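Down below is the structure, laid out as structure tokens.
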Amino acid sequence: MEISFFKSAMAKNNALIDTDEFFEKVRTGTWKSEISALRSCLKDNGKDVYNKKKKLLNAVTLSGNFNGRTELVEYSGLIQGDIDSVENPELLRDELSLDPHVRASFLSPSGQGVKLAIKVPPDPELHREYFAFAQEYFLTKYGVIIDTSCKDINRLLFVSYDEDIKGNEECTPLDIPKVTEPFFDATKVLSDPKVSDYE
């Protein structure tokens, strides 16, 4: 599946990159030098300077291929998950990578958080509903909070470097459970039987 690739957060025009190729580039260190410099910047200069420099990184729209930044061409069926300021990001990355709905789990550009690619059904009209359910699912199952900003279908995912990126190529979509109808309406009060009913 191809998604949009941008030179920076300010770029309007995009190229295309396959999702598998993107994850492989994260693993093999295509952006290793930029990410290493950013992590040093965060340590030496603080978050404000880091955030400004991070916007110069390459980025993708994980949820699909867009014409520019807003017009969806094709939905990828992947939702971005951002989990920030993690005490042990490597441990959390490895734990979440075992979830059957996680296509990829890797360290964020800062090295202090975890990025997720969560598989959902291929229906862009339900993107926000899928995200809300994913938020609830990961909070309930793992006790982690996914950044609400990821609800936006065209949310940018900045590139990173993590040689230990993990995930499941055969992941299954995280679908919203369907509410089944009861066999009968228990809210209706049954009338008392009449004598003729017994007879």
Side-chain angles (χ1 to χ4, degrees), residues 1-6 14-28 58-84 86 89-109 113-182:
M1 172 65 201
E2 290 185 320
I3 54 178
S4 293
F5 179 88
F6 297 88
N14 64 283
L16 297 176
I17 186 171
D18 185 80
T19 50
D20 291 342
E21 181 185 355
F22 172 71
F23 298 136
E24 183 63 9
K25 284 179 178 290
V26 170
R27 185 185 72 80
T28 56
N58 295 158
V60 297
T61 47
L62 186 65
S63 293
N65 165 14
F66 288 80
N67 181 14
R69 287 286 298 274
T70 56
E71 184 185 347
L72 180 65
V73 175
E74 187 176 9
Y75 190 60
S76 69
L78 292 173
I79 285 180
Q80 178 183 169
D82 285 358
I83 305 161
D84 300 318
V86 178
E90 290 88 356
L91 187 65
L92 182 62
R93 171 200 62 201
D94 294 351
E95 180 185 10
L96 297 181
S97 73
L98 299 175
D99 187 273
H101 310 298
V102 171
R103 170 62 188 86
S105 178
F106 56 97
L107 298 182
S108 64
V114 175
K115 298 283 189 181
L116 295 177
I118 305 162
K119 184 71 174 174
V120 295
D123 185 352
E125 297 298 322
L126 293 177
H127 177 86
R128 291 202 171 204
E129 286 83 350
Y130 292 145
F131 172 77
F133 182 67
Q135 242 188 346
E136 179 185 345
Y137 171 85
F138 281 93
L139 179 60
T140 302
K141 190 169 183 179
Y142 301 102
V144 295
I145 298 173
I146 294 177
D147 188 337
T148 302
S149 300
C150 296
K151 70 182 183 299
D152 296 333
I153 196 169
N154 59 345
R155 167 85 168 174
L156 283 178
L157 169 64
F158 288 105
V159 300
S160 192
Y161 166 60
D162 184 358
E163 62 183 0
D164 293 317
I165 182 175
K166 293 178 172 65
N168 178 11
E169 292 184 14
E170 303 301 322
C171 57
T172 57
L174 177 61
D175 203 354
I176 302 170
K178 293 179 174 58
V179 179
T180 55
E181 292 293 328

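Everything numeric here is computed off the predicted structure, so don't read it as measured data. Below, each value reflects all heavy atoms present in this structure, side chains not excepted, and no hydrogens, waters or symmetry copies.
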Which donor-acceptor pairs under 3.5 Å do side chains of residues 167-175 form with protein atoms, sequence neighbours excluded?
| unit_1 | atom_1 | unit_2 | atom_2 | d |
| --- | --- | --- | --- | --- |
| Asn168 | OD1 | Glu170 | N | 2.9 |
| Thr172 | OG1 | His101 | ND1 | 3.3 |

Check: [Y] main-chain N/O paired with [X] side-chain donor or acceptor under 3.5 Å:
X: Asp162; Y: Arg27; answer: no
X: Ser160; Y: Leu107; answer: yes
X: Ser63; Y: Leu78; answer: yes

Over all atoms of both residues, closest heavy-atom pair of Val86 and Pro89: O-CD, 3.5 Å

Exercise: identify the closest heavy-atom pair between Ile165 and Ala104: CD1-CB, 4.3 Å

From [X] atom [atom1] to [Y] atom [atom2], the distance as rounded to the nearest 0.5 Å:
X: Asn65; Y: Leu72; atom1: CG; atom2: CG; answer: 7.5 Å
X: Glu74; Y: Leu16; atom1: CD; atom2: CG; answer: 9.5 Å
X: Ile146; Y: Lys151; atom1: CD1; atom2: NZ; answer: 13.5 Å
X: Ile118; Y: Cys150; atom1: CD1; atom2: SG; answer: 8.0 Å
X: Ser108; Y: Arg93; atom1: OG; atom2: CZ; answer: 11.0 Å
X: Asp18; Y: Phe23; atom1: CG; atom2: CZ; answer: 9.5 Å

Among Val120, Leu62, Leu116, Ile153, the one residue meeting side chain to side chain contact (heavy atoms under 4.5 Å, CB included) with Ile79: Val120

Residue Leu139 excluded, over 12 heavy atoms near CG under 6.0 Å: yes

Quick test of your reading: applying salt bridge (charged side-chain N to carboxylate O under 4.0 Å, His left out), list the pairs with at least one residue in [range], sequence neighbours left out, ordered by first then second residue.
range: residues 120-132; answer: Arg128-Asp152
range: residues 95-105; answer: Asp20-Arg103, Asp99-Lys141
range: residues 59-73; answer: none

Which residues share a side chain to side chain contact (heavy atoms under 4.5 Å, CB included) with Ser97, sequence neighbours left out: Ser105, Lys166

Set of residues satisfying side chain to side chain contact (heavy atoms under 4.5 Å, CB included) with respect to Thr140, sequence neighbours excluded: Glu136

Those residues that, when tested against Asp164, pass side chain to side chain donor-acceptor pair (under 3.5 Å) (two or more places apart): none

By side chain to side chain donor-acceptor pair (under 3.5 Å) - contacts of Thr148 (at least two apart): Gln135

Can you tell if the side chain of [X] reaches within under 4.5 Å of the side chain of [Y], non-hydrogen atoms only?
X: Lys25; Y: Ile17; answer: yes
X: Val60; Y: Leu156; answer: no
X: Thr61; Y: Phe6; answer: yes

Partners passing ring pair (Phe, Tyr, Trp, His ring centres under 6.0 Å) against Phe22 (at least two apart in sequence or in another chain): Trp31

Of all pairs that satisfy ring pair (Phe, Tyr, Trp, His ring centres under 6.0 Å), the ones with a partner from residues 141-161, not counting sequence neighbours: Phe138-Tyr142

Residue pairs, two or more places apart or on separate chains, that pass ring pair (Phe, Tyr, Trp, His ring centres under 6.0 Å) and touch residues 58-79: Tyr75-His127

Ile3/Leu157 under side chain to side chain contact (heavy atoms under 4.5 Å, CB included): CA gap, chis, key distance, verdict: CA-CA 11 Å; Ile3 54 178; Leu157 169 64; over 6 Å; no

All salt bridge (charged side-chain N to carboxylate O under 4.0 Å, His left out) counterparts of Lys119, not counting sequence neighbours: none

